[in-house]
A.B. asks: 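One structure is given below, represented as structure tokens, and several questions about it will come after.
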2 protein chains.
Amino acid sequence: MRYPDEVNAAEHSTLTPGDRATRTAGAKRVTIGDVAARAGVSKSAVSFVFNNRPGVSAAARERILRAADDLGWQPSARARALSRSRTQAVGLVIRREPELLSTDPFFPLFMAGVEIGLSEQNYSLVLQVVKDQHGERDAYERLARESRVDGVFLTDVRAGDTRPRDVAALGLSVVVVAPEDADTEADVVIGMDDAAGVRRAVHHLHSLGHRHIGHVMGVPGYVHTEARRRAWEDTLVELGLPVGPVVTADFTGSSGARATHELLDLPRPPSAIVYGNDLMAIAGISAATDRGIRVPEDLSVVGFDDIPLAPYIVPPLTTVRQNVVAWGTAAAQTLVSLVEGKQPPEIRLPSVEFVVRGSTGPTRHRRPS
Amino acid sequence: MRYPDEVNAAEHSTLTPGDRATRTAGAKRVTIGDVAARAGVSKSAVSFVFNNRPGVSAAARERILRAADDLGWQPSARARALSRSRTQAVGLVIRREPELLSTDPFFPLFMAGVEIGLSEQNYSLVLQVVKDQHGERDAYERLARESRVDGVFLTDVRAGDTRPRDVAALGLSVVVVAPEDADTEADVVIGMDDAAGVRRAVHHLHSLGHRHIGHVMGVPGYVHTEARRRAWEDTLVELGLPVGPVVTADFTGSSGARATHELLDLPRPPSAIVYGNDLMAIAGISAATDRGIRVPEDLSVVGFDDIPLAPYIVPPLTTVRQNVVAWGTAAAQTLVSLVEGKQPPEIRLPSVEFVVRGSTGPTRHRRPS
DNA sequence: CCTCCCCTTCAAACCGGTTTAATCATCGCG
DNA sequence: CGCGATGATTAAACCGGTTTGAAGGGGAGG
């Protein structure tokens, strides 16, 4: 695994990147032909063994495996991709504003989960980060036309989103990652019932005595935004409470702060607010604190995501937690099955959890109005 | 881009994934041969045009481009990879504990930056998330042996890290992503002088009257952890201040809280603490607040990263900001040059910023001891 | 008008696997 | 002992591009 020290030392001063490339290129790749020769069989035999198909005697298989091992050979993904017309790679296109990117709790965990599902099957993940819709369309187009991937995940789905069809028309398999009941044109949707978390949250606030519960929405149009809003609204109705004030925001901290001020400026401000994500909720706590409103004594706050920071802010944030890693793994397994034309596994995603911490508390008696 | 509605409707009920795969496979791929035929030239001519090499008349080039456009053809990355023995893809392996993954401000931004640098050159990014050192080694091994990528980024470098050599020995080009002065065995290191931010932070605290400044380190052994610690220490020495207490933590919120308690439990606790990242700093504020110690009146806090939440916690966090996106772009451009044997561009990374917010303030007179 | 040279153009080999179809050896059975 | 069936084995075609080397064509110079 190491170059001899003296070689490295000798080259160290004069070595330019170009030289290095040339040097490494010198090491001739070992191919299936070399393995076949060493095992005294044909290339086909080697291929058969490595794709475990019948038609090779136990003795031959044995020799082939040993030869491959001796030579440290592994089929080249490049060559295999060409002859099988399949890349064994899938794509994920992330569209995010820079502001939200580094704080988004979803994608890193989702990717980690996807990775688990993919590596089991020896698939790779090709990632693309774009900043607008235009870039996203181009990305899928390129991924498909250049045959870089066999399938893609679709996230951040909007109501009436045409991407599932568009992408399928490019010849790619598609798995849509969206809340369970999302209304999309997709064949396959993998999602959790995240609205359940919001319902639990509203019930929790109700049991603490809150009767006037507001909501700060994320970017309108996305199915997860709407699912959360609807869950909040439906639960209020179900509990016989008035549907409280809603303000539209965009998942950023600044929008969460602004929305909170709007709600607190109302003639009759809510005593509790359910936010579309943790970032807005935390910014909301900050906004309230700035106005001298104490959390949770004067205002209860519920977030969504359970980011790792949630327990460490003041007060610790009550929020909703999804198992995003499991979600990603399920999505990956499904997509691979789809690509290979197999029946996707029956998957049960773990349910959403509601985590009670310090940002929610009992209502006080009505403040003097 | 859409299937006729009636077709979709008819299939909707009975469609299984397997069927879909078969259906889409029916659409015959258009190849370089088709384009050549349509333009009335040989495949070579088409290839020449698309790799802009000389040897094709203007007229022919014109016809070829139009033919390709008409047919919507684009060279297949699969085929190109095989014949050029190059994938036009590079790899990034992320090793992170689940706890840190969703809160890590570095990787998403870095990836976004990398993406910018890569897409300019039509390269793709292959991502792998692993959870331990063993998985990481396997990941590089697989990436190289299966010829999935031409080069990789190396992050989270430790002092004396052998990965640069190991990976180069696999025949991959390598760019090491680490602070400027990192001591590694790599040919190419792309980094920022992030220690400068810590120096600025210590000077700032000094100017506010602090004379007793502690530090909470991240995971020991990493070059960025050590660079920050060293910057803190060197600056104290330079200012003629005693080198304050240091506690080792691991970049997680819980470790930051614990470390903070340790520092505050000291017979003579520091009046200011510099943390290795924002997450620990925020957890530190929370820990201090729990003990009735006010920030910044009783304790000043400085973080590192400037996560989007930093302005929205109470009090807003003073911290150090690096332009991670630019860093990623630079790393990507360098890696591509390396892969292609070209001279890497001369790159000037923007310098680190120090952002003063509310978590730092003047010292009060010495508290009764 | 003939050479020589340069520019275009293209057929064929190649990259490293997979897959098909044909050959060969073996074996059971009438 | 002959024959069809069965399983092992492999040569050759193929995936869709790139690259090489040779052939063809036109213009400048003598």
Side-chain angles (χ1 to χ4, degrees), chain A residues 25 27-65 67-68 71-89 122 144-148 150 171 340, chain B residues 25 27-65 67-68 71-89 122 144-148 150 171 340:
Chain A
K28 190 67 156 279
R29 244 199 105 69
V30 7
T31 75
I32 196 174
D34 302 330
V35 176
R38 185 176 237 266
V41 296
S42 71
K43 296 194 306 175
S44 329
V46 179
S47 176
F48 287 163
V49 168
F50 273 77
N51 293 290
N52 43 4
R53 304 154 63 111
V56 182
S57 65
R61 148 173 280 104
E62 187 58 33
R63 267 179 299 142
I64 291 171
L65 287 175
L71 269 45
W73 179 82
Q74 211 159 331
S76 149
R78 285 202 281 257
R80 193 195 280 248
L82 182 56
S83 48
R84 295 219 293 206
S85 309
R86 210 186 288 154
T87 311
Q88 290 213 31
N122 243 280
R145 295 233 296 215
E146 290 189 350
S147 308
R148 287 227 178 241
D150 303 325
E340 305 198 328
Chain B
K28 192 65 159 278
R29 243 199 107 69
V30 8
T31 75
I32 196 175
D34 302 331
V35 176
R38 185 175 238 265
V41 297
S42 71
K43 297 195 306 175
S44 333
V46 179
S47 177
F48 286 164
V49 168
F50 274 76
N51 293 291
N52 43 4
R53 305 153 62 112
V56 182
S57 65
R61 148 173 280 105
E62 187 58 34
R63 265 179 301 139
I64 291 171
L65 287 175
L71 270 45
W73 179 82
Q74 212 159 331
S76 148
R78 285 203 280 257
R80 194 196 282 246
L82 181 57
S83 50
R84 295 218 293 205
S85 311
R86 211 185 284 154
T87 310
Q88 291 213 33
N122 243 281
R145 295 235 296 217
E146 292 189 350
S147 307
R148 285 221 180 248
D150 303 325
E340 306 200 327

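Protein chains get the first letters and strands the later ones, always in sequence-line order, with residue 1 at the start of each.
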A.B. asks: Could you tell me how far apart B:Glu62 (CD) and C:dT8 (P) are, to the nearest whole angstrom?
C.D. replies: 15 Å

A.B. asks: Does some side-chain heavy atom of A:Thr31 sit less than 4.5 Å from a side-chain heavy atom of A:Asp34?
C.D. replies: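 Result yes, sub-4.5 Å side-chain heavy-atom pair found.
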
A.B. asks: Over the length of the helix from C:dC1-D:dG30 to C:dG30-D:dC1, how much do the five-pair end axes diverge, rounded to 10 degrees?
C.D. replies: 50°

A.B. asks: Could you list where the contact with chain A starts and ends along DNA chain D, reading 5' to 3', using a 4.0 Å heavy-atom cut-off?
C.D. replies: D:dA8 to D:dG16

A.B. asks: Are side-chain N/O atoms of B:Thr87 and A:Arg78 paired as donor and acceptor at under 3.5 Å?
C.D. replies: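 Present: a donor and an acceptor within the cut-off.
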
A.B. asks: Compare all side-chain heavy atoms of B:Arg80 with those of A:Glu146 and state whether any distance is below 4.5 angstrom.
C.D. replies: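 No - every pair of side-chain heavy atoms lies 4.5 Å or more apart.
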
A.B. asks: For residues A:Ile32 and A:Phe50, determine if any side-chain heavy atom of one lies less than 4.5 Å from a side-chain heavy atom of the other.
C.D. replies: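 SC-SC contact between A:Ile32 and A:Phe50 ruled out.
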
A.B. asks: Go nucleotide by nucleotide along DNA chain D from the 5' end; which of A:Arg63 and A:Lys43 gets its closest nucleotide reached first?
C.D. replies: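 Looking at DNA chain D, the more 5' nearest nucleotide goes with A:Arg63.
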
A.B. asks: Could you check whether B:Thr31 gets within reach of a base, just the sugar-phosphate, or nothing at all, counting any heavy atom under 4.0 Å?
C.D. replies: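 Sugar-phosphate contact only - B:Thr31 comes under 4.0 Å of backbone atoms but never of a base.
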
A.B. asks: Under the criterion side-chain contact (heavy atoms from CB on, under 4.5 Å), which of B:Leu71, B:Leu65, B:Val41 is the partner of B:Val35?
C.D. replies: B:Leu71

A.B. asks: Using heavy-atom distances to pick each residue's nearest nucleotide on DNA chain C, tell me which of B:Val56 and A:Gly33 is more 5'.
C.D. replies: B:Val56

A.B. asks: Identify the two heavy atoms, one from B:Ala39 and one from B:Ala67, that lie closest to each other, and give their separation to 0.1 Å.
C.D. replies: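 Distance-wise, the nearest heavy atoms are CB-CB, 4.0 Å.
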
A.B. asks: If you restrict it to nitrogen or oxygen atoms, what contacts under 3.5 Å exist between nucleotides 20-27 of chain C and the protein, and what is each distance?
C.D. replies:
none

A.B. asks: Taking the side chain as every heavy atom from C-beta outward, state whether B:Arg38 and B:Val30 have any pair of such atoms under 4.5 Å apart.
C.D. replies: no

A.B. asks: Between B:Arg84 and B:Gly40, name the one whose nearest nucleotide on DNA chain C is closer to the 5' end.
C.D. replies: B:Gly40

A.B. asks: Can you tell me how far the CG atom of B:Asn122 sits from the CZ atom of A:Arg148, to the nearest 0.5 Å?
C.D. replies: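 So the gap between those two atoms works out to 7.0 Å.
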
A.B. asks: Is it true that a side-chain atom of B:Arg53 and a backbone atom of B:Phe48 form a donor plus acceptor pair closer than 3.5 Å?
C.D. replies: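 Not at all, since once roles are kept as given, no pair shorter than 3.5 Å links the two residues.
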
A.B. asks: Whole Å only: how far is the CD1 atom of A:Ile32 from the P atom of C:dT19?
C.D. replies: 11 Å

A.B. asks: State, to 0.1 Å, how close A:Ala144 and B:Arg29 come at their nearest heavy-atom pair, and which atoms those are.
C.D. replies: O-NH1, 4.3 Å

A.B. asks: In Å, rounded to the nearest 0.5 Å, how long is the span from CD of B:Gln74 to OG of A:Ser147?
C.D. replies: 9.5 Å

A.B. asks: Reckon B:Ala81 touches a base, only the sugar-phosphate, or nothing at all at heavy-atom distances under 4.0 Å?
C.D. replies: nothing

A.B. asks: What's A:Val41 touching, base or sugar-phosphate or nothing? Going by heavy atoms closer than 4.0 Å.
C.D. replies: sugar-phosphate

